Amino acid sequence: MNKYLKCILFSLGILTATIVAAENTIPDLYRGASFFYFNCDGKFKGTKIRVYYYIPLEGDVQNMKVQFVMHGVNRNADSYCESWEAKAEQYGLIILAPMFDKTNFPSAMYQLGNVCSKGILNYEEEMTYTQIDAIFKAFVQKFDIADKTYNIYGHSAGAQFVHRLVLFYDSPYLDRAVAANAGTYSFVSGKQDFPYGLRNIGGPSSISKKVFQKNLIVFLAEGDTIRDSYLNVSDEADRQGSNRFERGNNFFKTAENYAARKNIPFHWQLRTLPNAAHSNRSMAPAAADILYAKPD
């Protein structure tokens, strides 16, 4: 906790510039690294999420971009947040890394976003993604952030969260999304049931055409080809490919081909990282450069 005590308090001007609504649960924050607890709303009311954050030590906070970072299966949001600190300083980013604990958010609630219950597609307001928007809205209101959109990055289990957010949840605040090295995907296909496909929840036609115009980047490590102990090796998963790199490529191609057949504009990108395997530490800085580096 010592490093948190060394953080520098936000300037008094920022803290007092905005009148905050009573329901806002974000406290006064510090420059540097720390965390706060966010009181969930809607379906998840009564649950608290620990949100790790990093605020650059210098710069105008009100004009910084909010970047969400979604942890993997180990729920290590603190280390995921830390992996973005250097890039936060370089590009002037506010990093928010919510930790969805296993008790309140098991895999069906986290990796699968509570998209589906007993084979039936849930309403958007029941999905876990609502809490990302709720955190963002409260943060923007609290600190009078100028940019009213956020970017989101997830690695491994976090990439499962992110790509399903893009597919099933129409956030008015989402700008760009990066799904890095997911273990499995919800293919835009009627050949498999959710969570591997869309057969039991209406098929590909149930997905809004707007999904394909969203700024999703499927980001894959070229060396992520090992069938490690964390990889889902069920028959359903193996139909998507034998490893994460194959599955990510096949997910992207399936969606691209569907959009082409239906003559739907397709804005997704497929990016790969050489000399990298299944490592957030490798993917995170590369993802930041994809999102924020200015072209030469």
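If you read the sequence from its start, that first residue is 1, and numbering goes on from there. Please read these numbers as outputs of a predicted model, since none were measured by experiment.
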Output every pair passing salt bridge (charged side-chain N to carboxylate O under 4.0 Å, His left out) with a member in residues 271-281, not counting sequence neighbours, ordered by first then second residue.
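Non-adjacent pairs meeting salt bridge (charged side-chain N to carboxylate O under 4.0 Å, His left out): Glu82-Arg281.
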Applying salt bridge (charged side-chain N to carboxylate O under 4.0 Å, His left out), which residue pairs with at least one partner in residues 173-183 are found, sequence neighbours left out?
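The answer is Lys65-Asp175.
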Reported [atom1]-to-[atom2] distance for the pair [X] and [Y], which is rounded to 0.5 angstrom:
X: Met127; Y: Phe44; atom1: CE; atom2: CZ; answer: 10.0 Å
X: Leu291; Y: Phe219; atom1: CG; atom2: CZ; answer: 9.5 Å
X: Ser234; Y: Arg239; atom1: OG; atom2: CZ; answer: 8.0 Å
X: Ile290; Y: Asn151; atom1: CD1; atom2: CG; answer: 12.0 Å
X: Phe38; Y: Ile26; atom1: CZ; atom2: CD1; answer: 6.0 Å
X: Met70; Y: Ile152; atom1: CE; atom2: CD1; answer: 5.0 Å

Check against side-chain hydrogen bond (donor to acceptor under 3.5 Å, both in side chains), Gln269 and Asn215:
CA-CA 8 Å; Gln269 297 180 51; Asn215 295 313; over 6 Å; no
Shortest non-hydrogen separation from Pro56 to Ala88 and the atoms involved:
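Nearest heavy atoms, Pro56 then Ala88: CG-O, 3.5 Å.
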Main chain of [Y], side chain of [X]: is a donor-acceptor contact present, judged purely on distance under 3.5 Å?
X: Arg75; Y: Phe100; value: yes
X: Trp268; Y: Val211; value: yes
X: Glu89; Y: Leu57; value: yes
X: Tyr53; Y: Gly32; value: no
X: Asn232; Y: Gly183; value: no

May I have the step-by-step check of side chain to side chain contact (heavy atoms under 4.5 Å, CB included) for Leu198 and Phe187, ending in yes or no?
CA-CA 7 Å; Leu198 309 176; Phe187 272 47; over 6 Å; no
Atom pairs and distances, donor-acceptor, side-chain atoms in residues 199-206, under 3.5 Å, two or more places apart:
unit_1: Arg199; atom_1: NE; unit_2: Asp193; atom_2: OD1; d: 3.0
unit_1: Arg199; atom_1: NH1; unit_2: Lys191; atom_2: O; d: 3.0
unit_1: Asn200; atom_1: OD1; unit_2: Phe194; atom_2: N; d: 2.8
unit_1: Ser205; atom_1: OG; unit_2: Gly202; atom_2: O; d: 3.4
unit_1: Ser206; atom_1: OG; unit_2: Ile201; atom_2: O; d: 3.3
unit_1: Ser206; atom_1: OG; unit_2: Gly203; atom_2: O; d: 2.6

Distance alone, cut at 3.5 Å: any donor-acceptor contact between the side chains of [X] and [Y]?
X: Asn122; Y: Ser117; result: yes
X: Thr128; Y: Asn114; result: no
X: Asn76; Y: Tyr52; result: no

N-O pairing of Arg227 and Asp238 below 4.0 Å:
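Yes, this pair counts.
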Please enumerate all residues that pass side-chain contact (heavy atoms from CB on, under 4.5 Å) together with Ala288, with sequence neighbours excluded.
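So Ala288 forms a side-chain contact (heavy atoms from CB on, under 4.5 Å) with Trp84, Lys87, Tyr91.
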Within residues 216-226 or reaching into it, pairs that qualify as side-chain hydrogen bond (donor to acceptor under 3.5 Å, both in side chains) - sequence neighbours excluded
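Counting only pairs at least two positions apart or across chains, the side-chain hydrogen bond (donor to acceptor under 3.5 Å, both in side chains) contacts touching residues 216-226 are Glu222-Thr272, Asp224-Arg244, Asp224-His278.
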Which pairs count as side-chain hydrogen bond (donor to acceptor under 3.5 Å, both in side chains) when at least one residue sits in residues 92-108, sequence neighbours excluded?
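Applying side-chain hydrogen bond (donor to acceptor under 3.5 Å, both in side chains) to every pair that reaches into residues 92-108, excluding sequence neighbours, yields Asp101-Asn104.
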Is there a side-chain contact between [X] and [Y] in this structure, where contact means two heavy atoms from C-beta onward sitting under 4.5 Å apart?
X: Tyr30; Y: Ile55; answer: no
X: Leu273; Y: Met283; answer: yes
X: His267; Y: Leu216; answer: no
X: Gln67; Y: Tyr153; answer: yes
X: Ile135; Y: Phe68; answer: yes
X: Phe139; Y: Ile94; answer: yes
X: Ile145; Y: Met64; answer: no
X: Asn243; Y: Ile226; answer: no

Do Tyr196 and Phe245 belong to the same hydrophobic cluster, where Ile, Leu, Val, Met, Phe, Trp and Tyr are linked whenever their side-chain heavy atoms lie under 4.5 Å apart, directly or via other members?
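No, it is not one cluster - the side chains of Tyr196 and Phe245 are not joined through contacts under 4.5 Å.
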For residues 161-173, which side-chain donor-acceptor pairs fall under 3.5 Å, sequence neighbours excluded?
unit_1: His163; atom_1: ND1; unit_2: Ala159; atom_2: O; d: 3.2
unit_1: His163; atom_1: ND1; unit_2: Gln160; atom_2: O; d: 3.2
unit_1: His163; atom_1: NE2; unit_2: Ser186; atom_2: N; d: 2.9
unit_1: Arg164; atom_1: NE; unit_2: Ser186; atom_2: OG; d: 2.7
unit_1: Arg164; atom_1: NH1; unit_2: Gln111; atom_2: O; d: 3.1
unit_1: Arg164; atom_1: NH1; unit_2: Gln160; atom_2: OE1; d: 2.9
unit_1: Arg164; atom_1: NH2; unit_2: Pro195; atom_2: O; d: 3.2
unit_1: Tyr169; atom_1: OH; unit_2: Asp133; atom_2: OD2; d: 2.9
unit_1: Asp170; atom_1: OD2; unit_2: Lys210; atom_2: NZ; d: 2.8
unit_1: Ser171; atom_1: OG; unit_2: Asp133; atom_2: OD1; d: 2.9
unit_1: Ser171; atom_1: OG; unit_2: Asp133; atom_2: OD2; d: 3.0
unit_1: Ser171; atom_1: OG; unit_2: Tyr150; atom_2: OH; d: 3.4
unit_1: Ser171; atom_1: OG; unit_2: Tyr173; atom_2: N; d: 3.1
unit_1: Ser171; atom_1: OG; unit_2: Leu174; atom_2: N; d: 3.3

For Tyr129, enumerate each residue passing the side chain to side chain donor-acceptor pair (under 3.5 Å) test, keeping only those at least two apart in sequence or located in another chain.
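Tyr129 satisfies side chain to side chain donor-acceptor pair (under 3.5 Å) with no other residue.
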Partners passing side chain to side chain donor-acceptor pair (under 3.5 Å) against Asn63 (at least two apart in sequence or in another chain):
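Residues passing side chain to side chain donor-acceptor pair (under 3.5 Å) with Asn63: Asp60.
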Which atom pairs, donor and acceptor, lie under 3.5 Å between side-chain atoms of residues 251-266 and protein residues at least two apart or in another chain?
unit_1: Thr254; atom_1: OG1; unit_2: Asn250; atom_2: O; d: 2.7
unit_1: Asn257; atom_1: ND2; unit_2: Lys253; atom_2: O; d: 3.2

Other hydrophobic cluster members with Val233, side-chain heavy atoms of Ile/Leu/Val/Met/Phe/Trp/Tyr under 4.5 Å, chained?
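Taking Ile, Leu, Val, Met, Phe, Trp and Tyr as members, Val233 shares its hydrophobic cluster with Leu231.
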Got a sec, which hydrophobics cluster with Val73, joining ILVMFWY side chains under 4.5 Å apart, including via others?
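Other cluster members: Tyr230.
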With side chain to side chain contact (heavy atoms under 4.5 Å, CB included) as the criterion, how do Thr184 and Gln240 come out once you've worked through the C-alpha distance, each side chain's angles and the decisive distance to 0.1 Å?
CA-CA 8 Å; Thr184 61; Gln240 298 188 342; 3.8 Å; yes
Check the angle between the aromatic planes of Tyr80 and His71 and answer parallel, tilted or perpendicular using the 30° and 60° thresholds.
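Perpendicular.
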Would Arg50 count as a cation-pi partner of Tyr37, with NZ or CZ less than 6.0 Å from the six-membered ring centre and within 45° of the ring normal?
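Not flagged: Arg50 not positioned over aromatic ring of Tyr37.
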Run the side-chain hydrogen bond (donor to acceptor under 3.5 Å, both in side chains) test on Asn280 and Ser83 for me, step by step, so that the C-alpha distance in whole Å, both residues' side-chain angles and the decisive distance to 0.1 Å come before the verdict.
CA-CA 8 Å; Asn280 174 63; Ser83 70; 3.2 Å; yes
For Leu220 and Leu270, run side chain to side chain contact (heavy atoms under 4.5 Å, CB included): C-alpha distance rounded to whole Å, both residues' side-chain angles, the deciding distance at 0.1 Å, then the answer.
CA-CA 8 Å; Leu220 307 175; Leu270 176 66; 3.7 Å; yes
